[in-house]
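Just so you know, these numbers come straight off a predicted model, no measurement behind them.
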Amino acid sequence: MSRFPQFVTERLIIRVAVASDAEKLCQYYIRNQVHLAPWEPIRSEVYYTLRWWQLRVEQIHIEFNAASAINFIAIDRDSSDIVAVANFSNIIQGVFKSCSLGYSIAKAYEGQGLMVEFLQTCLAFMFENVGLNRVMANYIPVNARSGALLQRLGFEREGYARKYLKIAGSWQDHVLTALLHEDWSARKALN
(Lines give C-alpha, C1' and ligand atoms only; values in the text may rest on other atoms or scores of the structure.)
Protein backbone atom coordinates (compact mmCIF):
# COMPACT_ATOMS: atom_id res chain seq x y z
CA MET A 1 0.00 0.00 0.00
CA SER A 2 1.66 3.19 -1.09
CA ARG A 3 -1.16 5.49 -2.20
CA PHE A 4 -3.59 6.81 0.37
CA PRO A 5 -7.20 5.89 -0.38
CA GLN A 6 -9.86 8.59 -0.54
CA PHE A 7 -13.64 8.22 -0.77
CA VAL A 8 -16.49 10.68 -1.17
CA THR A 9 -19.89 9.76 0.23
CA GLU A 10 -23.12 11.72 0.38
CA ARG A 11 -21.91 13.87 3.29
CA LEU A 12 -18.27 12.96 3.89
CA ILE A 13 -14.78 12.95 2.46
CA ILE A 14 -12.96 9.95 3.91
CA ARG A 15 -9.19 9.61 3.72
CA VAL A 16 -5.94 9.10 5.56
CA ALA A 17 -4.78 12.31 7.24
CA VAL A 18 -2.01 14.30 5.56
CA ALA A 19 0.39 16.82 7.10
CA SER A 20 -1.99 19.73 6.54
CA ASP A 21 -4.62 17.92 8.67
CA ALA A 22 -2.53 18.02 11.86
CA GLU A 23 -4.11 21.29 13.03
CA LYS A 24 -7.64 20.00 12.36
CA LEU A 25 -6.91 16.75 14.22
CA CYS A 26 -5.52 18.70 17.15
CA GLN A 27 -8.66 20.87 17.23
CA TYR A 28 -10.92 17.80 16.93
CA TYR A 29 -9.41 16.32 20.09
CA ILE A 30 -9.33 19.63 21.98
CA ARG A 31 -12.99 20.37 21.19
CA ASN A 32 -14.05 16.84 22.12
CA GLN A 33 -11.79 16.27 25.11
CA VAL A 34 -14.62 16.07 27.66
CA HIS A 35 -16.90 14.16 25.26
CA LEU A 36 -14.30 11.46 24.55
CA ALA A 37 -12.74 11.23 28.02
CA PRO A 38 -14.99 8.39 29.33
CA TRP A 39 -14.06 6.18 26.35
CA GLU A 40 -10.32 6.80 25.95
CA PRO A 41 -7.12 6.44 27.98
CA ILE A 42 -6.09 9.42 30.08
CA ARG A 43 -4.24 11.78 27.76
CA SER A 44 -1.27 13.97 28.67
CA GLU A 45 -1.24 17.68 27.86
CA VAL A 46 1.19 16.94 25.00
CA TYR A 47 -1.56 14.99 23.21
CA TYR A 48 -3.43 18.26 22.66
CA THR A 49 -0.54 20.08 20.97
CA LEU A 50 -0.02 20.71 17.28
CA ARG A 51 3.50 19.22 17.41
CA TRP A 52 2.14 15.93 18.77
CA TRP A 53 -0.36 15.72 15.90
CA GLN A 54 2.27 16.62 13.31
CA LEU A 55 4.36 13.70 14.57
CA ARG A 56 1.29 11.46 14.77
CA VAL A 57 0.41 12.11 11.11
CA GLU A 58 3.96 11.10 10.18
CA GLN A 59 3.50 7.89 12.21
CA ILE A 60 0.14 7.25 10.52
CA HIS A 61 1.94 7.31 7.15
CA ILE A 62 4.65 4.93 8.38
CA GLU A 63 1.99 2.51 9.68
CA PHE A 64 0.04 2.74 6.42
CA ASN A 65 3.12 2.04 4.31
CA ALA A 66 4.03 -0.90 6.57
CA ALA A 67 0.43 -2.20 6.24
CA SER A 68 0.20 -2.40 10.05
CA ALA A 69 -2.58 0.19 10.52
CA ILE A 70 -4.89 2.39 8.49
CA ASN A 71 -6.26 5.49 10.18
CA PHE A 72 -9.10 7.27 8.42
CA ILE A 73 -10.58 10.70 9.05
CA ALA A 74 -14.08 11.76 8.02
CA ILE A 75 -14.40 15.35 6.85
CA ASP A 76 -17.74 17.11 6.55
CA ARG A 77 -18.17 18.04 2.89
CA ASP A 78 -19.86 21.34 3.81
CA SER A 79 -17.75 22.65 6.69
CA SER A 80 -14.43 20.81 6.04
CA ASP A 81 -14.35 19.92 9.76
CA ILE A 82 -13.05 16.56 10.87
CA VAL A 83 -16.17 14.94 12.27
CA ALA A 84 -14.90 11.43 13.07
CA VAL A 85 -11.89 9.13 13.08
CA ALA A 86 -11.56 5.38 12.56
CA ASN A 87 -8.39 3.48 13.34
CA PHE A 88 -7.88 -0.01 11.94
CA SER A 89 -4.85 -1.14 13.94
CA ASN A 90 -2.85 -4.28 14.57
CA ILE A 91 -3.43 -5.46 11.01
CA ILE A 92 -2.19 -9.02 10.71
CA GLN A 93 -2.13 -10.84 7.39
CA GLY A 94 -1.12 -14.47 6.88
CA VAL A 95 -3.56 -17.02 8.27
CA PHE A 96 -5.20 -14.45 10.60
CA LYS A 97 -6.13 -11.58 8.21
CA SER A 98 -7.57 -9.50 11.01
CA CYS A 99 -7.41 -6.12 12.71
CA SER A 100 -8.88 -4.07 15.56
CA LEU A 101 -11.15 -1.09 15.00
CA GLY A 102 -11.35 1.97 17.22
CA TYR A 103 -13.39 5.07 16.40
CA SER A 104 -14.84 8.31 17.70
CA ILE A 105 -17.16 11.04 16.52
CA ALA A 106 -17.33 14.70 17.49
CA LYS A 107 -20.08 15.54 19.97
CA ALA A 108 -21.60 18.07 17.54
CA TYR A 109 -22.11 15.36 14.89
CA GLU A 110 -23.61 12.55 16.98
CA GLY A 111 -27.00 11.11 16.07
CA GLN A 112 -26.92 12.00 12.36
CA GLY A 113 -26.00 8.58 10.95
CA LEU A 114 -22.55 9.80 9.94
CA MET A 115 -20.70 6.97 11.70
CA VAL A 116 -22.63 4.34 9.75
CA GLU A 117 -21.86 6.16 6.49
CA PHE A 118 -18.20 6.52 7.52
CA LEU A 119 -17.56 3.03 8.84
CA GLN A 120 -19.43 1.25 6.02
CA THR A 121 -17.06 2.90 3.56
CA CYS A 122 -13.98 2.09 5.64
CA LEU A 123 -15.05 -1.52 6.19
CA ALA A 124 -15.59 -1.98 2.45
CA PHE A 125 -12.00 -0.88 1.87
CA MET A 126 -10.62 -3.13 4.60
CA PHE A 127 -12.43 -6.22 3.31
CA GLU A 128 -12.18 -5.59 -0.44
CA ASN A 129 -8.77 -3.94 -0.75
CA VAL A 130 -6.80 -5.04 2.30
CA GLY A 131 -8.27 -8.53 2.11
CA LEU A 132 -9.15 -8.99 5.76
CA ASN A 133 -11.28 -11.84 7.02
CA ARG A 134 -12.16 -10.28 10.39
CA VAL A 135 -12.48 -6.82 11.93
CA MET A 136 -12.77 -6.77 15.72
CA ALA A 137 -14.28 -3.92 17.71
CA ASN A 138 -14.85 -3.79 21.45
CA TYR A 139 -16.86 -1.42 23.59
CA ILE A 140 -17.47 -0.61 27.25
CA PRO A 141 -20.85 -2.12 28.23
CA VAL A 142 -22.34 1.23 29.34
CA ASN A 143 -21.57 2.73 25.92
CA ALA A 144 -24.93 1.81 24.42
CA ARG A 145 -24.43 4.06 21.38
CA SER A 146 -21.28 2.23 20.41
CA GLY A 147 -22.93 -1.16 20.91
CA ALA A 148 -25.90 -0.11 18.76
CA LEU A 149 -23.60 1.22 16.02
CA LEU A 150 -21.62 -2.02 15.85
CA GLN A 151 -24.81 -4.08 15.79
CA ARG A 152 -26.21 -1.94 12.97
CA LEU A 153 -23.00 -2.52 11.00
CA GLY A 154 -23.36 -6.29 11.44
CA PHE A 155 -20.80 -6.92 14.18
CA GLU A 156 -21.66 -9.92 16.34
CA ARG A 157 -20.93 -10.32 20.02
CA GLU A 158 -18.21 -12.90 20.59
CA GLY A 159 -17.47 -12.49 24.25
CA TYR A 160 -16.95 -10.39 27.31
CA ALA A 161 -13.53 -9.45 28.68
CA ARG A 162 -13.19 -8.31 32.28
CA LYS A 163 -10.80 -5.42 32.93
CA TYR A 164 -9.79 -5.46 29.28
CA LEU A 165 -8.40 -1.94 28.75
CA LYS A 166 -7.39 0.92 31.03
CA ILE A 167 -9.84 3.63 30.01
CA ALA A 168 -10.42 6.94 31.80
CA GLY A 169 -7.93 5.85 34.46
CA SER A 170 -9.43 2.49 35.42
CA TRP A 171 -9.57 -1.02 34.01
CA GLN A 172 -12.82 -1.39 32.09
CA ASP A 173 -14.74 -4.49 31.05
CA HIS A 174 -15.45 -4.71 27.30
CA VAL A 175 -17.94 -6.48 25.08
CA LEU A 176 -15.98 -8.20 22.29
CA THR A 177 -17.48 -8.10 18.79
CA ALA A 178 -16.33 -8.94 15.30
CA LEU A 179 -17.48 -8.64 11.71
CA LEU A 180 -16.41 -11.34 9.26
CA HIS A 181 -15.84 -10.71 5.57
CA GLU A 182 -18.46 -13.31 4.60
CA ASP A 183 -21.10 -11.71 6.84
CA TRP A 184 -20.25 -8.24 5.53
CA SER A 185 -20.51 -9.52 1.94
CA ALA A 186 -23.90 -11.14 2.64
CA ARG A 187 -25.23 -7.89 4.18
CA LYS A 188 -23.88 -5.90 1.23
CA ALA A 189 -25.63 -8.24 -1.25
CA LEU A 190 -28.96 -7.67 0.52
CA ASN A 191 -28.69 -3.86 0.27
Side-chain angles (χ1 to χ4, degrees), residues 1-33 35-36 39-41 43 46-94 96-110 112-138 146 149-150 153 155 178-179 181 184 188:
M1 290 185 248
S2 59
R3 284 191 61 160
F4 298 137
Q6 179 169 311
F7 311 97
V8 178
T9 66
E10 182 182 337
R11 298 176 288 173
L12 301 170
I13 298 168
I14 299 166
R15 60 180 170 78
V16 173
V18 294
S20 60
D21 294 318
E23 176 66 34
K24 286 183 181 183
L25 276 164
C26 184
Q27 290 305 312
Y28 171 86
Y29 284 100
I30 289 170
R31 279 193 306 271
N32 292 286
Q33 185 173 359
H35 168 60
L36 298 177
W39 320 117
E40 294 193 341
R43 307 291 190 188
V46 172
Y47 187 81
Y48 301 99
T49 64
L50 177 58
R51 182 65 184 143
W52 196 94
W53 283 102
Q54 290 168 333
L55 294 171
R56 179 64 189 126
V57 169
E58 290 176 15
Q59 185 63 34
I60 286 169
H61 294 177
I62 291 167
E63 292 168 354
F64 181 90
N65 290 325
S68 63
I70 301 177
N71 300 275
F72 290 104
I73 57 174
I75 301 166
D76 182 282
R77 288 178 61 179
D78 294 330
S79 70
S80 297
D81 287 340
I82 293 176
V83 300
V85 298
N87 303 311
F88 293 85
S89 60
N90 303 315
I91 297 172
I92 300 173
Q93 290 291 350
F96 197 40
K97 292 195 180 294
S98 182
C99 76
S100 297
L101 166 61
Y103 50 85
S104 67
I105 187 165
K107 177 71 174 162
Y109 290 92
E110 279 187 319
Q112 300 174 34
L114 290 169
M115 282 305 284
V116 171
E117 184 176 329
F118 178 34
L119 291 178
Q120 282 176 332
T121 303
C122 295
L123 287 164
F125 179 80
M126 299 307 290
F127 287 127
E128 294 174 2
N129 296 84
V130 180
L132 296 182
N133 176 59
R134 166 186 291 267
V135 174
M136 299 172 289
N138 309 317
S146 192
L149 170 67
L150 292 171
L153 290 167
F155 282 75
L179 178 61
H181 181 266
W184 173 82
K188 183 180 168 190

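With no hydrogens or angles considered, no side-chain donor-acceptor pair links E63 and S68 at under 3.5 Å. If you check the side chains of Q54 and E58, you find no donor sitting under 3.5 Å from an acceptor.
In this structure, CG on N87 lies 7.0 Å from CD1 on I60, to the nearest 0.5 angstrom. The distance from atom CG of L119 to atom CG of L150, rounded to the nearest 0.5 Å, is 8.0 Å. Going from atom CH2 of W39 over to atom OH of Y103 covers 10.5 Å, rounded to the nearest 0.5 Å. In this structure, OG in S104 is found 13.5 Å from OH in Y109, a value given to the nearest 0.5 Å. To the nearest 0.5 angstrom, T9 atom OG1 is 8.0 Å from L114 atom CG. Rounded to the nearest 0.5 angstrom, M126 CE and S98 OG are separated by 9.5 Å.
With hydrogens and angles disregarded, no donor-acceptor distance shorter than 3.5 Å links the side chain of K188 to the backbone of A124. A side-chain donor-acceptor contact under 3.5 Å links N32 to the backbone of K107. No side-chain donor-acceptor contact under 3.5 Å links D21 to the backbone of K24. A distance-only check finds no donor-acceptor pair linking the side chain of Q33 to the backbone of R43 [under 3.5 Å]. Under a 3.5 Å cut-off, the side chain of Q112 and the backbone N or O of A108 do form a donor-acceptor pair.
Q93 has its side chain within reach of L132: a pair of non-hydrogen atoms, C-beta onward, lies under 4.5 Å apart. I75 is not listed as a side-chain neighbour of L12, based on a closest heavy-atom distance of 4.5 Å or more. In this structure, R134 and L179 have side chains that are not in contact, with every pair of non-hydrogen atoms separated by 4.5 Å or more. Within the 4.5 Å cutoff, no side-chain heavy atoms of Q6 are placed close to those of I14. With contacts defined as side-chain heavy-atom distances shorter than 4.5 Å, the pair F88/N71 does not qualify. No side-chain heavy atom of F7 sits under 4.5 Å from any side-chain heavy atom of C122. With a 4.5 Å cut-off on side-chain heavy atoms, V8 and R77 count as touching. Within the 4.5 Å cutoff, side-chain heavy atoms of L50 are placed close to those of E23.
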Practice task
Give the C-alpha distance, both sets of side-chain angles, the deciding distance and a yes or no for side chain to side chain contact (heavy atoms under 4.5 Å, CB included) between L153 and L149.
Solution key: CA-CA 6 Å; L153 290 167; L149 170 67; 4.0 Å; yes

Practice task
Just do the side chain to side chain contact (heavy atoms under 4.5 Å, CB included) check on I73 and V16 with the steps written out, would you?
Solution key: CA-CA 6 Å; I73 57 174; V16 173; over 6 Å; no

Exercise for the section: Take S100 and N90 through the side chain to side chain contact (heavy atoms under 4.5 Å, CB included) test and state the conclusion after the steps. Expected result: CA-CA 6 Å; S100 297; N90 303 315; 4.1 Å; yes

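Across all their heavy atoms, I82 and R31 have their closest contact at O-NH2, 4.5 Å. When all heavy atoms of Y29 and E40 are compared, the closest pair comes out as CE2-OE2, 3.9 Å. Closest heavy-atom contact between H35 and I105: NE2-O, 3.0 Å. Contact between V85 and Y28 at its shortest, heavy atoms only, is N-OH, 4.1 Å. Nearest heavy-atom pair across A69 and S89 is CB-CA, 4.0 Å. Taking all atoms of both residues into account, the shortest heavy-atom contact from V46 to W52 is O-CB, 3.1 Å.
Between R11 and D78 there is no salt bridge, since no side-chain N of the basic residue sits under 4.0 Å from a carboxylate O of the acidic one.
Aromatic ring orientation, F4 versus H61: tilted (interplanar angle from 30° to 60°). Using bins of under 30°, 30° to 60° and over 60° for the plane-to-plane angle, the ring pair F72/F125 lands in the perpendicular bin.
The aromatic ring centres of W53 and Y48 sit 6.0 Å or more apart.
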